[in-house]
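Heads up, the thing below is written out as structure tokens.
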2 protein chains.
Amino acid sequence: MGFEYLTNIPLAKAREDYLKLLRSHGYGPKTEVIPVWDACGRVTAHAVYAHICAPHYAASAMDGVAVNAKDTFGATETTPITLNPDQFIVLDTGDPIPENCDAVIMVEDIVKNDDATITIHAAAAPWQHIRQIGEDICAGEMILPSHMTVSPSAIGAMIAGGVLEIEVIRKPVVGIIPTGDEIIPPCTDPKPGDILEFNGSIFSAMVRQWGAEAHVYPIVPDKFEQIKSMVAKAVSECDLVILNAGSSAGREDFSARVIRELGEVLYHGIAMKPGKPAILGCQGAIPILGVPGYPVSGIIVIEQLLKPLVDHWLKVPAENPQYAKATLTRPVVSGLKYEEFVRVRMGYVGDKLMASPLSRGSGVVSSFMKADGILEVPQGMEGYEAGSEVEVRLLCPAQKLENTLVVIGSHDPLLDELADMMHVDNSKVYMSSAHVGSMGGIMAIRRGEAHAAGCHLLDTATGKYNLAFMKKYFPKGGVKLIRCVGRQQGLMVAKDNPLKIQNFSDIAKTGVRYVNRQKGSGTRILTDYLCKQENLDTAAIYGYDREELTHTSVAAQIVSGSADAGMGIYSAAKLYDLDFIPICIEEYDLIIPDHAWDTRMVQQMMATLKSESFKEKIMALGGYTVENPGEIISLNGYETV
Amino acid sequence: MGFEYLTNIPLAKAREDYLKLLRSHGYGPKTEVIPVWDACGRVTAHAVYAHICAPHYAASAMDGVAVNAKDTFGATETTPITLNPDQFIVLDTGDPIPENCDAVIMVEDIVKNDDATITIHAAAAPWQHIRQIGEDICAGEMILPSHMTVSPSAIGAMIAGGVLEIEVIRKPVVGIIPTGDEIIPPCTDPKPGDILEFNGSIFSAMVRQWGAEAHVYPIVPDKFEQIKSMVAKAVSECDLVILNAGSSAGREDFSARVIRELGEVLYHGIAMKPGKPAILGCQGAIPILGVPGYPVSGIIVIEQLLKPLVDHWLKVPAENPQYAKATLTRPVVSGLKYEEFVRVRMGYVGDKLMASPLSRGSGVVSSFMKADGILEVPQGMEGYEAGSEVEVRLLCPAQKLENTLVVIGSHDPLLDELADMMHVDNSKVYMSSAHVGSMGGIMAIRRGEAHAAGCHLLDTATGKYNLAFMKKYFPKGGVKLIRCVGRQQGLMVAKDNPLKIQNFSDIAKTGVRYVNRQKGSGTRILTDYLCKQENLDTAAIYGYDREELTHTSVAAQIVSGSADAGMGIYSAAKLYDLDFIPICIEEYDLIIPDHAWDTRMVQQMMATLKSESFKEKIMALGGYTVENPGEIISLNGYETV
């Protein structure tokens with residue numbers, strides 16, 4: 001088969017042609033009859049008419065007496081009328097109006113006499129205080145038109161109108177077929193080369209959110225006939241079929257051929273990124289969508305190409321996606337030949353909504369989870385410069401963005417714990433943190449992109465942390481430095497230290513594979529400084545250029561055996577059960593710009609930082625010293641670096 | 001017991017005190033452990049940490065060959081290097097990196113030689129094209145903080161991180177107890193005095209929309225001990241309990257006493273309308289909310305007083321309700337002593353959002369179904385004048401309002417059919433119609449409150465319909481008159497005409513009970529005109545002042561036997577299987593202001609009006625003549641009335 005990216009169809013055209021083809025084959029909603037009380041959120045197949053009136057009888061609207069109005073004519077304050085027991089009937093709200101009565105007098109307007117008669121001081125107008133038949137709903141009246149979503153009160157109106165079951169649009173069933181020799185069901189101890197099947201769970205959750213049903217089939221190995229017979233089975237059981245993986249041009253790519261043999265392939269290859277290898281196929285009126293294996297590609301493909309089919313089936317106009325204007329913190333470079341979907345993290349800093357592009361690796365499912373929005377770069381556009389104002393499609397309520405603390409800077413797991421505790425303390429407040437190292441954090445604060453930055457920068461001249469950098473990078477002030485924690489930095493090495501690494505200079509020895517942190521991170525600056533002190537030639541250190549973004553990812557490389565040593569904090573080593581050679585204790589502080597100080601988010605962070613439970617949590621992590629967290633550190637008296 | 005409206009507590013205070021009391025008794029979320037793949041939309045009880053790294057092994061990010069980078073050093077375009085079969089391993093995307101390899105070269109960058117060696121023209125950097133362990137998620141990393149709603153991609157991230165089940169907040173179970181001797185389960189043939197139980201279905205649907213479970217108990221008669229034991233049972237089985245009906249001060253009011261005997265009553269009587277008789281009670285940490293029996297009161301009470309409790313349990317910050325500025329079409333008069341919730345219908349006419357108050361009867365469940373928003377009139381405010389700009393809480397997406405055709409005027413069931421057909425033809429378009437009679441429609445168009453008005457007004461001077469009224473009320477033009485249908489007006493009388501009514505003057509006979517239409521309706525104007533022609537004294541006609549708003553409600557009174565005759569259209573008589581004495585054929589047309597002409601809604605209405613299927617539908621209703629519907633009627637050459 002070889003490469004067969006036959007097409008590079010613009011996404012909008014592909015979407016339109018696909019729906020047109022499917023409709024020509026008869027694709028569209030099927031219906032079912034269900035009890036009205038189960039119909040909330042469902043869509044009516046046809047108009048619903050009342051069978052009976054509501055109320056279905058003339059009912060008293062008050063507690064009082066029913067009378068014949070003509071018996072009361074002439075009654076006034078000065079000429080009261082007394083009614084005999086056979087001229088009135090006591091009744092409650094909701095009681096039926098007795099025969100020959102045509103008015104109700106409220107209990108408050110009646111004088112009861114001892115002889116069981118009543119006296120009234122005003123005439124009753126015919127039909128007063130009577131709920132007429134059909135006041136709410138008339139038999140034969142249309143209660144709901146076709147293709148309307150049933151609300152709770154519509155359920156009440158239908159029952160009141162004597163409608164006990166209705167025909168609604170059946171939820172379409174989306175069959176999802178995971179394929180691949182390397183794919184295994186979710187487990188906690190996969191072997192190297194195993195890939196956990198979670199796309200089926202993601203896609204199921206997505207289509208359920210759209211109002212469809214999902215059915216995930218067993219994993220099918222990369223065998224043409226097996227895939228073909230599973231797709232045939234799914235086509236016979238479902239309304240739409242997703243064939244996952246195998247749509248790229250790898251060695252074992254059978255998807256397009258399977259679909260072609262069972263039905264037809266409209267397009268293979270869409271001008272979109274991620275998601276280019278998508279296959280738009282069908283068997284008759286059943287769409288078969290070939291979806292790439294990488295989760296992010298798959299999410300984008302089914303959102304862009306499957307959701308319109310589900311919306312069409314459900315007859316609910318797709319909700320207009322919400323867009324917001326945001327300022328890009330970093331440039332986005334895109335290809336001219338495709339429409340690109342860039343995941344961004346967002347937050348308001350001041351009154352400016354900032355959008356930071358996230359990892360574009362389509363295997364990185366966590367990037368989708370962390371995304372607050374999608375920047376859609378149209379086909380034919382090369383991207384945007386940093387600082388551009390762009391329209392971003394929101395994945396979360398705008399309200400959440402307004403309450404999100406944006407933290408950009410040095411990574412420490414305590415930030416995640418802080419985020420957790422803040423949100424528990426105040427459910428309206430969220431934190432979004434990006435790990436770009438201490439210098440990256442300082443720059444983000446300078447550019448007005450963050451509410452806070454974690455920072456641990458050693459001034460080699462004074463041996464003090466952070467203060468000198470404040471003076472240098474914020475010479476005019478405008479920021480506060482907040483004490484957070486002291487933390488133990490050191491070398492993480494494999495359990496029981498098989499290479500017998502004793503001190504920092506050992507990392508340069510032959511046979512030691514080092515794993516480093518990225519440039520600009522406080523830990524990297526510390527590492528470079530230590531190398532200089534030890535007169536080590538960093539170019540000679542194996543793996544010195546291998547950069548990881550967090551302490552935990554450095555630890556993960558060591559525990560997996562692909563590296564022997566790396567600088568990091570004690571809590572990361574402890575988490576991965578690595579040996580730890582302490583090097584120094586550093587001050588990890590938070591920089592907060594004055595303009596953010598009074599925000600609800602920063603104030604909540606300060607409150608949480610000062611709480612006893614924060615201290616307890618941090619001490620339990622290990623490798624930290626905690627002294628007056630939340631204290632404002634005086635910036636006076638320090639020289640610039 | 002008598003009246004016991006002990007309190008008139010401001011709503012906000014009641015809400016706050018209630019939650020405070022309940023929390024002091026230990027009210028709050030419970031948790032449960034569920035599989036991750038079922039967790040979409042659920043709320044995490046605690047932070048979720050990854051158990052394994054994702055990827056959990058170093059994996060090739062490309063199809064190509066794995067090499068040891070140092071074997072490739074020095075390779076350039078001019079100094080290619082050839083690798084022996086033992087120096088490289090062919091692998092696919094996702095395959096694990098073999099031992100002793102630390103880089104991947106893409107298949108595109110390799111020249112395969114006949115002797116099974118390969119030649120490369122560039123050195124490989126260590127770790128190029130390798131997905132490092134933990135690139136996506138590191139073991140020990142926090143995937144989700146506490147109290148976060150699980151998204152589809154978070155499910156993927158958790159499975160990738162080896163997390164197969166999580167602790168989430170259990171959905172609180174809301175027990176709903178309907179009470180009342182007159183209440184019966186839903187059916188299609190209730191007897192007079194029976195009231196169909198539908199509040200339980202409405203409340204269930206509401207609490208399910210909020211994320212809770214609902215359990216409706218069997219209907220309990222108005223017997224103190226039976227109610228008490230059902231409430232005790234519900235308290236033992238549920239997390240929150242709604243006791244429906246019996247909270248007002250009628251003869252059979254046991255609710256407050258039941259709650260007091262089982263636990264405590266915080267407040268009975270809240271300064272809100274509807275909903276004043278609400279009872280805020282509890283047994284320990286289980287709230288027991290006494291909810292009035294009228295559906296609209298009940299909806300408002302549980303929305304205002306139960307939802308905050310559910311939100312607190314679920315730990316999801318309540319979504320800020322959406323408000324929109326709107327112009328009131330009619331005055332709203334409210335009491336100073338309570339906060340009032342007025343249901344309004346809304347629509348954009350031009351760029352102005354108009355809000356029309358709906359029926360305030362709290363028994364009228366259809367008014368809630370038809371409401372697009374709620375006008376909240378604060379306690380201490382007497383209301384608003386017509387034309388006031390008010391903030392309205394939206395019950396539907398703003399987007400829907402922008403696409404709603406606002407029709408105000410004379411009622412005809414064909415409008416409902418038109419609404420249905422328009423929406424089927426174009427799912428983005430909705431119609432909202434209010435029945436205020438032909439003159440009411442003309443006034444609404446003049447005030448700029450509607451896109452269209454149904455009108456059938458006879459000019460007695462010319463015997464022509466509508467035209468003269470156009471000249472009179474729109475002397476400067478600015479409107480179009482659109483031909484709709486001819487329709488048969490006549491007298492509706494009971495089946496087989498027991499009173500032998502032969503012609504119009506018979507309605508004045510003794511023993512005939514007439515039911516009329518409201519003043520300003522075309523049918524009323526016609527009726528008044530016919531009375532004048534026949535020299536009838538309308539004051540002497542029994543029921544001439546009894547006014548119904550629609551043809552169908554007139555028919556409903558006759559079929560129920562509470563009236564003997566009423567003017568109306570043939571289709572209404574046919575619907576109720578009444579006898580019909582034809583009087584005349586009238587022209588029912590639509591007035592459309594020029595400013596609305598080009599809207600998507602009016603254009604869709606015109607297209608539907610001109611369609612064959614509209615004609616078929618209308619002819620099937622019976623009693624109509626259809627000739628060129630959608631034609632623009634020339635306004636030239638007619639004199640004013």
Side-chain angles (χ1 to χ4, degrees), chain A residues 37 40 47 51 53 56-58 92 96 127 133-134 136-138 140-142 145-147 152-157 159-160 162 164 186 188 190 192-193 196 198 201-202 205-206 250-251 295 315 317 320 364-366 368-369 399 416 419-420 423-424 427-428 546 552-553 556-557 560 562 575, chain B residues 37 40 47 51 53 56-58 63 92 96 127 133-134 136-138 140-142 145-147 152-157 159-160 162 164 186 188 190 192-193 196 198 201-202 205-206 250-251 295 315 317 320 364-366 368-369 399 416 419-420 423-424 427-428 546 552-553 556 560 562 575:
Chain A
W37 35 89
C40 188
H51 296 156
C53 290
H56 56 279
Y57 60 95
D92 279 343
W127 307 105
I133 290 172
D136 193 348
I137 295 159
C138 279
E141 191 180 315
M142 190 184 291
S146 313
H147 301 171
S153 52
I155 291 176
I159 297 175
L164 305 190
T188 55
L196 298 177
F198 54 76
S201 298
I202 298 177
M206 289 174 74
R251 281 191 307 196
K315 291 291 169 198
N320 282 349
V364 182
V365 66
S366 62
F368 213 104
M369 181 183 69
Q399 193 183 332
D416 292 334
D420 182 46
H423 182 64
V424 169
S427 64
K428 288 211 172 95
R546 182 180 177 189
T552 38
S553 53
Q557 308 318 314
S560 75
S562 82
L575 185 66
Chain B
W37 35 89
C40 189
H51 296 155
C53 290
H56 56 277
Y57 60 95
D63 293 350
D92 278 343
W127 307 105
I133 289 171
D136 194 348
I137 296 159
C138 279
E141 191 179 315
M142 190 185 291
S146 312
H147 302 172
S153 51
I155 292 177
I159 297 176
L164 305 190
T188 55
L196 299 177
F198 55 75
S201 298
I202 298 178
M206 289 173 74
R251 283 193 305 197
K315 292 292 170 198
N320 282 350
V364 182
V365 65
S366 63
F368 213 105
M369 181 183 70
Q399 193 183 331
D416 292 333
D420 181 45
H423 183 63
V424 169
S427 64
K428 289 209 172 97
R546 181 178 177 191
T552 38
S553 54
S560 75
S562 82
L575 184 65

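Letters A, B, ... are given to chains in the order of the sequence lines, protein chains preceding strands, and every chain is numbered from 1. Please read all numbers here as calculations on a predicted model, not as lab measurements.
Interface residue A:L575: only side-chain heavy atoms are found under 4.5 Å from chain B. Both the backbone and the side chain of A:I133 come within contact range of chain B, judged by heavy atoms closer than 4.5 Å. Both the backbone and the side chain of B:I202 come within contact range of chain A, judged by heavy atoms closer than 4.5 Å. For B:Y57, the part lying under 4.5 angstrom from a heavy atom of chain A is the side chain only. Heavy-atom distances place the side chain of A:H56, and not its backbone, under 4.5 Å from chain B.
Ranked by heavy-atom pairs under 4.5 Å with chain B, the first of A:G156, A:A556, A:A205 is A:G156. Per-residue counts of heavy-atom pairs under 4.5 Å with chain B were compared for A:H51, A:M206, A:Q399; the largest is that of A:Q399. Ranking A:R546, A:E141, A:K315 against chain B, the residue ahead of the rest is A:R546, based on heavy-atom pairs under 4.5 Å. Counting heavy-atom pairs closer than 4.5 Å to chain A, the top-ranked of the candidates B:A419, B:S427, B:G134 is B:S427. Highest contact tally toward chain B, considering only A:A58, A:P192, A:A154, A:C40, is held by A:P192 [criterion: heavy-atom pairs under 4.5 Å]. Most heavy-atom pairs under 4.5 Å with chain A: of the set B:I159, B:I137, B:T552, B:T188, this distinction falls to B:I159. When each of A:S553, A:S201, A:G193, A:P186 is checked for heavy-atom pairs under 4.5 Å with chain B, A:G193 comes out on top. Among B:P152, B:A160, B:A47, B:C53, the residue making the largest number of heavy-atom pairs under 4.5 Å with chain A is B:P152.
Taking all atoms of both residues into account, the shortest heavy-atom contact from B:V424 to A:S146 is CG2-CB, 3.5 Å. Minimum interatomic distance between A:D416 and B:M142 (heavy atoms only, all atoms of both residues): O-CE, 3.3 Å.
Using modelled atom types, one side-chain atom of B:S366 and one backbone atom of A:D136 make a donor-acceptor pair closer than 3.5 Å. The backbone N or O of B:P145 sits nowhere less than 3.5 Å from a side-chain atom of A:D420 that would complete a donor-acceptor pair.
Inter-residue side-chain proximity for B:W127 and A:S562 is flagged as met; some heavy-atom pair is nearer than 4.5 Å.
Applying the ring-ring contact (aromatic ring centres under 6.0 Å, His included) test to A:H423 and every residue at least two apart in sequence or in another chain returns A:Y430.
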